[in-house]
Amino acid sequence: MRRMLHGVSDNRTKNCLHNTQRIQTMKVFCGRANPTTGSVEWLEEDENYDYHQEIARSCYADMLHDKDRNVKYYQGIRTAVSRVKERGEKAIVLDIGTGTGLLSMMAVTAGADFCYAIEVFTPMAIAAVKIVEKNGFSDKIKVINKHSTEVTVGPDGDMQCRANILITELFDTELIGEGALPSYEHAHKYLVQEGCEAVPHRARVYAQLVESKRMWSWNKLFPVHVQAEDDEKIIVFPSEIENCPGVTSVYDIQLNQVPRSDFTILSDVVTMFSVDFSKQVNSSSTYYTANLEPIKSGMAQVILSWWDVDMDPSGMIKCTMAPYWIQPTSNDVQWRDHWMQCVYFLPNEEPVLQGENVYLTAYRDEYSVWYKLQKARNEEDKKDAYVGSPLCSCQAHLLWNRPRFGELNDQNRTNQYIQALMTVLEKDSICLCISDGSLLPLLAQYLGAEQVFTVENSAVSHCLMEKIFKANHVGDKIKIIEKRPELLTASDLEDKKVSVLIGEPFFTTSLLPWHNLYFLYARTAVAAHLTDGVTVLPQSASLYMMVVEFKDLWRIRSPCGTCEGFDVHIMDDMIKNSLNFRESKEAEPHPLWEYPCKSLSDPQEVMTFDFRLTVPQQTLSTHGSVNLLRTGKSHGAVLWMEYHLTADISVSTGLVQISDEKGNCKWNPHCKQAVYFFSSALEPETPTDLPSAITYAINFNPKTGEIAMSFKSLS
C-alpha cells in the first residue's frame, strides 16, 4: 500500500484528508487542514470517526478487485494445503492480516482443517467474523482480533497449536514497509511449526539503474533562469541543498504511467535481495550488494524498484509488480493501487560508463530500503559496512515533498510567473509575498521591485529561504518576516504600504485544490497594510469541474460483491456506510497524471474568487448542469483551481489539455486534483442507460474555507 507516515508527506497521503489520534477511550482528535488559517488544527470528533476514515479511504476494495493477486493466492493456497495433506498431516493455517477473511476462506475451501485468522483492526475483525459466517465457514475459521505478536498458543491460548501453513498479506509497495519482516520473525518463533508451508513462499526485490531528469527533479533543485528585459539572471541553490542526500522514504508511484521517453535505462534488472517466508526471517538491519555492468553511459540518478512473490516453492505461481517495459509480452499488465513501484534517489548523481563495473548496495532496516552506488571495489571498499538511513541536512526535503520539488523545477511554470510579474512591477513597487517557501520574492527582486518582504510561517521555512536568498546575494534585499499574516505590524514592513501582493499560492498544509484559498484569507488579514490601488497577483482564481470516466481508479471505491466465489457484500456495505459518514463524503485528492481518464464533458468554470477583494461574508453558491459529450461511464467529477495571475496569464493546477478526440486528459503533474466519485456509477448493477447530463450544486463556506458539493445524473 502507499506509504502513509514515513518522511515528508507526498502524494502517498493521497487518500488521507485527516490524521487521527485516539487520546482517550471515548474521544478522537482529528488533525485537519483549515483553509482559513493555513494550518492543521486538532478537532474532537465522534469516537467512531477514525474507524470510518480508515475504512472509507482504505485499499480493501482495490485489493478485492485485484484479480491477479486473488487468483495467484488461491492457487498457492491450494498447492500448500495439498502438500501438507500428502504428508498425512492436518492442515492448520495461520492467516496474519486476514482483512475480509478471504484467504482463510480460500484455505478451508482448499481442504484446510482449521484456520486462525488474525486481524488487529477491530472494525475489520468484526466484519471478517460476519463474512466468514455468511459464507458458512464459522466452524473452521477463528478470527482473532489482536496483533499477531500478542497471539498466544496452547490449551488456553488463542491458538490450540502451532500452524503448519502460514498465509500472509502484509506487503506494501516497498514490500517491507508495513512491518512484514518483524511479523514473520515473530510468527516463526512462536506461532508456526519449523518447516511450515508459506503462501507466499518467497519474495524478491529488483532494482534497475536509470537516468531521468524528470525523476531527479523530484529530489534536487535545478538552477532557475530569470529572463529580465535587459539580461538573464540565474537563481542558484546552496551547496548544502545540492549535496544533501534527502530523506529515506520511498517515492511510490504508478511507474506504468511514466513514458519511456522520461528516463534512460542504464543497467539490466538485478535481484537485490530475497526473503524465504517458509523459514525463520531476520528483521535486523542489513545490506545487500549487487554487481552492475552499465549497458549505457549516463548519469546514475535513480533506482527503480519493484518486487514479485512466488506463491509456491517451485516458483510456478508468480505475482509480479514489474512495470510495463519488463513485461512487454503481457497484453494487459494488472492494475493495482495497493502495490505499485518504487523510486529511490541516489544521494548524489554519478557518471557511469558502459561496460564499467559498479556496485549497487541496498540497505534496509525493519521498514525501509535505501541505496548507494559505488564505482570501484578495491580492498578497502570490500570491507562493507552497514550505512544508516540518509537524513536531510538542508531542510528543503523536510519542507517540500517530491511533487513540490518538481513544481519548483518547472521552468515553464516559472516563466509564467516571470511574465506576469514583469507586467505588474514598477521600480517603486513594495512587494509582499505570502506563500510557503516560494521563489517569488527572488523573482520580484530580480525583476526590479524596490523592496520585497516575504512571510514565512515556520522557523524551518524561514531558515531555508534565508540560505537560498544569501546564496543569490540578496539576503539584505529581501526581508523575511516569521509571523502569521494577521500579526503583521507596520514596523515589520518598515512603515511602508504594500503596492504589490504576490503569492503562487502554495501552502504546505493544503491537501485539496481549494485549500490554497488561504491566500484570500491572508490577503484579508493584511488589508490594512496595502495601498488603496494595490495590485494582487494572482488577481483571482476559478474553480473548474469536469465529468470523467476513469480507466482504473474507480476500482478503489467500487463494491466487489463476490470475490473468487466468496460473498463479500458485508465489506461493501461497511465501506459504503463509512463513505456516508460525514466528511467521508468529500472529494478526495489524487494525482491524476498517475490515473488515466477521459473527459465526458467540457471543463466548466463553476466558481470564481476575486483576490482583489476581501473574504466574502456570505456563502457562495452555484448550481447548474454539464452536458455529457462523450459516451462512457460517469465515474465522478474532477475539480481543480486555475489561478489568473493577470488578465491574460493563468496557471492551472488541474487539466493541462484534452489531448485527443477520445477525451484523454493530460493533468498538471505537480498537483493533486480533487475527485468526487458518483456512488451510482460505482454500483455494478447500475442500469445501462447512460445519463445525458450531470447537475451540480456547489457551496463555498467562507467561515470554514471548505467547499461542499452534490451531483445528480439526468437521463
Side-chain angles (χ1 to χ4, degrees), residues 35 505 510 512-517 520 538-551 553-554 585-593 595-611 616 619-669 671-682 690-702 705-715:
S510 298
L512 290 163
W514 46 86
H515 286 171
N516 282 323
L517 287 176
L520 178 59
Q539 62 183 24
S540 63
S542 295
L543 177 66
Y544 276 83
M545 183 268 287
M546 185 171 72
V547 179
V548 302
E549 176 184 50
F550 287 107
K551 181 181 178 184
L553 188 62
W554 60 271
K585 292 180 180 179
E586 295 175 344
E588 53 194 71
H590 291 279
L592 291 188
W593 73 267
Y595 303 104
C597 63
K598 74 172 184 178
S599 63
L600 300 184
S601 74
D602 285 334
Q604 185 154 324
E605 185 180 30
V606 292
M607 195 171 281
T608 300
F609 305 87
D610 193 336
F611 294 147
T619 297
L620 300 182
S621 300
T622 183
H623 60 86
S625 64
V626 290
N627 293 325
L628 301 184
L629 308 177
R630 297 180 181 88
T631 301
K633 192 128 183 195
S634 303
H635 287 133
V638 178
L639 300 99
W640 67 94
M641 300 298 294
E642 188 166 306
Y643 294 102
H644 308 295
L645 306 184
T646 62
D648 55 0
I649 301 175
S650 296
V651 173
S652 173
T653 67
L655 188 68
V656 176
Q657 68 180 62
I658 298 176
S659 59
D660 56 34
E661 293 181 0
K662 295 180 180 179
N664 294 317
C665 303
K666 184 178 180 181
W667 299 95
N668 183 320
C671 304
K672 299 174 195 172
Q673 292 73 42
V675 177
Y676 188 102
F677 287 104
F678 302 155
S679 57
S680 59
L682 301 177
L690 297 174
S692 60
I694 301 290
T695 64
Y696 62 86
I698 298 175
N699 298 296
F700 170 72
N701 184 342
E706 291 292 353
I707 290 180
M709 60 198 74
S710 61
F711 299 89
K712 186 178 180 181
S713 300
L714 292 180
S715 299

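Just so you know, these numbers come straight off a predicted model, no measurement behind them.
- Judged by distance alone, with hydrogens and angles left aside, the side-chain atoms of Glu588 form no donor-acceptor pair with the main-chain N or O of Glu586 at under 3.5 Å.
- Ring pair Phe677/Phe550 is tilted by interplanar angle, where 30° to 60° counts as tilted.
- Interatomic distance, CG of Leu714 versus OG of Ser692, reported as 6.0 Å (0.5 Å rounding).
- Residue Ser710 holds its OG atom at 11.0 Å from NE2 of His623, rounded to the nearest 0.5 Å.
- A distance-only check finds no donor-acceptor pair linking the side chain of Thr622 to the backbone of Met607 [under 3.5 Å].
- With rounding to the nearest 0.5 Å, the separation of CG in Leu543 from CD1 in Ile707 is 5.0 Å.
- Residues Pro616 and Leu520 meet the side-chain proximity criterion, which asks for heavy atoms closer than 4.5 Å.
- Asn699 and Thr619 form no side-chain donor-acceptor contact under 3.5 Å, judged by distance and modelled atom types alone.
- Residues Asn668 and Ser652 fail the side-chain proximity criterion, which asks for heavy atoms closer than 4.5 Å.
- Side-chain contact check for Ser713 versus Ile694: some heavy-atom pair is nearer than 4.5 Å.
- Ring geometry for Phe711 versus Tyr696: interplanar angle of 30 to 60°, hence tilted.
- Looking at Lys598 and Glu549, a side-chain N of the basic residue comes within less than 4.0 Å of a carboxylate O on the acidic one, giving a salt bridge.
- The minimum heavy-atom distance linking Leu628 with Ser634 is given by the pair CD1-OG, 3.4 Å.
- Atom CD of Glu661 has 12 or fewer neighbouring heavy atoms from other residues, nucleotides or ligands inside a 6.0 Å radius.
- One distance of note links CG of Leu512 with SG of Cys671; it measures 12.5 Å at 0.5 Å rounding.
- Closest heavy-atom contact between Tyr676 and Ala587: CD1-N, 4.0 Å.
- Glu605 and Thr608 share a donor-acceptor pair across their side chains, judged by distance under 3.5 Å alone.
- The CD atom of Gln604 sits 12.0 Å away from atom OG of Ser542, with the distance rounded to the nearest 0.5 Å.
- At least one side-chain heavy atom of Leu592 sits under 4.5 Å from a side-chain heavy atom of Val675.
- In this structure the side chain of His644 never reaches within 4.5 angstrom of the side chain of Pro538, judged on heavy atoms.
- Considering only heavy atoms from C-beta on, Tyr544 stays 4.5 Å or farther from Leu639 through its side chain.
- How far CG of Leu517 is from CZ of Phe700: 5.5 Å, rounded to the nearest 0.5 Å.
- Put simply, the side chain of Thr653 gets close to the backbone of Met641: a donor and an acceptor are under 3.5 Å apart.
- Between Thr695 and Lys712, some side-chain heavy-atom pair lies under the 4.5 Å cut-off.
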Take Leu553 and Cys597 through the side-chain contact (heavy atoms from CB on, under 4.5 Å) test and state the conclusion after the steps.
-> CA-CA 8 Å; Leu553 188 62; Cys597 63; over 6 Å; no
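- Here the side chains of Trp667 and Trp640 are in contact, with some heavy-atom distance below 4.5 Å.
- Shortest non-hydrogen contact noted between Arg630 and Ser599 is NH1-OG, 2.9 Å.
- Taking each heavy atom of Met546 and Cys665 in turn, the nearest pair found is CE-SG, 3.7 Å.
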